[in-house]
Amino acid sequence: MHTHITAGQYDSWSEEQCAGIEIVDGMAVVSASAPKRHNRLARILANALDAAAGPEWNADTDFDVRLQDVPVTNRRPDVTVYRAETIDLTPARPEHVLLVVEVVSPGSETTDRIVKVDQYAKAGIPFYWRIEQAATGVPIISTYVLDPATKAYRDGEMFTGVIEAAAPFAVTVDLGTI
């Protein structure tokens, strides 16, 4: 038998208890540990976005976003860009978030390509990026922009980047244009 988790129960858990899980429609979803390449790419992208964001926005990895309270749906995007003044508000709400990024790994393909896209759009998060790691090592970034009228994302631009041992993946981002 599965027990539904309420927003209040989840909010009472420690950060350690919440690490590595998401709550979807009141049910805990435990994710397998992401590969090192996945975590590195998310960290590098978060650092680049944080540097580009200026003082009004922060970019972080391992950041909870409460998409809905009943039934509780709490996601941890690989990278989240959110309003700097909301850093201490927990849980973060979609109205605090500008952009969420998911790095697709083996086992997360369907969730990152279909399920989360729909959830983020319905929650009203303006931008969604999905990063696919090609076998060649070249990450492909697909961007999506929310259509507020339909609460669905439309395709944005597609970017590619290269990760090299001598020169890490570099991202130039102007948050004023996304």
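This one's a predicted model, so the numbers in the text were calculated from it and none came from an experiment. Counting begins at 1 with the first residue of the sequence. Heavy atoms only: backbone and side chains are in, while hydrogens, waters and symmetry mates are out.
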Within-4.5 Å side-chain heavy-atom neighbours: [X] and [Y]:
X      : Y      : value
Ile131 : Leu41  : yes
Lys36  : Asn39  : no
Val72  : Gln68  : no
Trp13  : Ile5   : yes
Leu99  : Leu49  : yes
Arg113 : Glu132 : yes

Salt-bridge criterion met for [X] and [Y] (N-O under 4.0 Å):
X      : Y      : answer
Lys122 : Asp118 : yes
Lys116 : Glu102 : yes
Asp64  : Arg93  : no
Glu15  : Arg76  : yes
Asp11  : Arg66  : yes

Please find the pair of heavy atoms, one from [X] and one from [Y], that lie closest to each other, and give the distance.
X      : Y      : answer
Ala46  : Thr61  : CB-CG2, 3.8 Å
Pro77  : Val65  : CD-CG2, 4.1 Å
Gly26  : Pro71  : N-CB, 3.9 Å
Ile125 : Pro94  : CG1-CB, 4.0 Å
Lys151 : Ala123 : NZ-C, 4.4 Å

Practice item. Applying side-chain contact (heavy atoms from CB on, under 4.5 Å), run through Tyr10 and Asn74 and close with a yes or a no. Key: CA-CA 9 Å; Tyr10 185 76; Asn74 204 79; 3.3 Å; yes
Separation between [atom1] of [X] and [atom2] of [Y], rounded to the nearest 0.5 Å:
X      : Y      : atom1 : atom2 : result
Glu22  : Thr73  : CD    : OG1   : 10.0 Å
Asp62  : Thr80  : CG    : OG1   : 9.0 Å
Gln119 : Ile114 : CD    : CD1   : 12.0 Å

Check your understanding: For Glu56, does the CD atom sit with more than 12 other heavy atoms under 6.0 Å from it, leaving out its own atoms?
Key ->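 Counting other residues, nucleotides and ligands, CD of Glu56 stays at 12 neighbours or fewer.
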Check your understanding: When the aromatic ring centroids of Tyr82 and Phe63 are compared, is their separation below 6.0 Å?
Key -> yes
In this structure, would [X] and [Y] fall into the same cluster of hydrophobic residues linked by side-chain contacts under 4.5 Å?
X      : Y      : value
Val100 : Trp57  : no
Val117 : Val145 : no
Ile141 : Phe127 : yes
Val79  : Tyr128 : no
Val81  : Trp129 : yes

Practice item. Determine yes or no for a side-chain-to-main-chain donor-acceptor pair under 3.5 angstrom, with Thr86 supplying the side chain and Leu89 the backbone. Key: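 No, the answer is negative, given that no donor and acceptor are paired below the 3.5 Å cut-off.
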Exercise for review: Kindly say whether Val103 contributes a backbone atom to a donor-acceptor pair with the side chain of Asp78 at under 3.5 angstrom?
Suggested key: yes
Check your understanding: Can a donor-acceptor pair be found between the side chains of Tyr120 and Arg75 at a distance below 3.5 Å?
Key -> no
